[in-house]
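Note sheet for the following structure.
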2 protein chains.
Amino acid sequence: MTPIVLPVQPLTPSAFAPFGEVLALEGADSFPINGGRTQRFHALGRVRCLGRDANVVLSIFRGQPLVPPVLDLMERHPLGSQAFMPFSGSAYWVIVAPPGVFDPDAIQAFLARGDQGVNYFAGTWHAQLLPCDPDADFLVVDRDGAGQNCDIVRLKPPRTWC
Amino acid sequence: MTPIVLPVQPLTPSAFAPFGEVLALEGADSFPINGGRTQRFHALGRVRCLGRDANVVLSIFRGQPLVPPVLDLMERHPLGSQAFMPFSGSAYWVIVAPPGVFDPDAIQAFLARGDQGVNYFAGTWHAQLLPCDPDADFLVVDRDGAGQNCDIVRLKPPRTWC
């Protein structure tokens, strides 16, 4: 099937608000700590970890570009938020749909800069990691524990973006 | 008072084990996800959030170098872990002492590369952020909530490092 082409938007907190939080400096409030030597941009995101027998863990994902850029599945984690912060400078695409019953007409695509993180709400549908560059490294903050925490949906037709 | 000079060690998981976890690729186990396009270096660190009425939050710290490099206080957060992941590439110094009663003879200094994070255990004594470069940005994962979660100790004499 010929892919549907999604228009790519820049990643901003307001545009991303239905899906999660943007972890970035611009537009964020801050206050000085460490005797004025550090600015704390506080609580840009909040971690959610639902259900029993679970921990919040810190992992690293090293991702490769999707070639060709044809997306045929999305996933969600109903029991926890999931944050991605790039630390090797790679920009990446963020393709999402709102939490709840999957709506293929509600998919949106964003381009995140290499100094912008995202924190998906629990249940937000999202593509797997889509870095622009090879060997792109991300700190990931998510839930590890008992329970079914990954649902998958197939995209027919698939999506691409520009 | 003339500062005591701490020898600086490279940051490795084994050397840092009394104080917390190192968030870095080398020596870490991983497994493929996302159809083989991503390697997950899973649970390099675990987030702790103790006490009531508290959340784990995602913040950004923008830090400046300590000039001159003379350290006269350390702090600890007894109710939660605190993770720092640099994302603007700056190396940074990590100066720590083990959790428990503060022991000035047990202070150790490490140099973390710009692609290495740290996750302090709850209660680990540590210096405030000590980046090598100006405008150094870090994603921070820590606890936000009720309760006394910051103790401070003064260093007499102060410490420097080389």
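Letters go in sequence order (proteins before strands), and every chain restarts at 1.
Nearest heavy-atom pair, Ser59(A) versus Ala43(B), reported as atom, atom and distance to 0.1 Å: OG-N, 2.8 Å. Residues Leu129(A) and Arg37(B) come closest through the heavy atom pair O-NH1, 2.6 Å. Of all heavy-atom pairs spanning Thr38(B) and Phe61(A), the tightest one is CG2-CB, 3.8 Å.
Side-chain contact between Val47(B) and Val57(A) is absent, with no heavy-atom pair separated by less than 4.5 Å. The shortest side-chain heavy-atom distance between His42(A) and Asp144(B) falls under the 4.5 Å cut-off.
Residue contact with chain B, scored on non-hydrogen atoms closer than 4.5 Å, involves the backbone and the side chain of Asp115(A) alike. Contact of Leu139(A) with chain B is made through the side chain alone, with heavy-atom distances under 4.5 Å. Looking at Asn55(A), the atoms closer than 4.5 Å to chain B (heavy atoms on both sides) all sit in the side chain, from C-beta outward.
Along residues 9-33 of chain B, the residues that come nearer than 4.5 angstrom to chain A, judged on non-hydrogen atoms, are Leu23(B), Ala24(B), Leu25(B), Ile33(B) in order of number.
Legend: side chain to side chain donor-acceptor pair (under 3.5 Å) pairs involving residues 145-156 of chain A, not counting sequence neighbours, sorted by first then second residue: Arg76(A)-Asp151(A).
Grouping Ile, Leu, Val, Met, Phe, Trp and Tyr by side-chain contacts under 4.5 Å, direct or through others, leaves Ile4(A) on its own. Through direct or relayed side-chain contacts under 4.5 Å between Ile, Leu, Val, Met, Phe, Trp and Tyr, Met74(A) connects to Leu6(A), Val8(A), Leu66(A), Leu71(A), Trp93(A), Ile95(A), Phe102(A), Ile107(A), Leu111(A), Trp125(A), Leu130(A), Val153(A), Leu155(A), Trp161(A).
In this structure, Gln64(A) CD and Gln39(B) CD are separated by 9.0 Å, a value rounded to the nearest 0.5 Å. Atom CD in Gln116(A) sits 10.0 Å away from atom CZ in Phe87(B) (nearest 0.5 Å).
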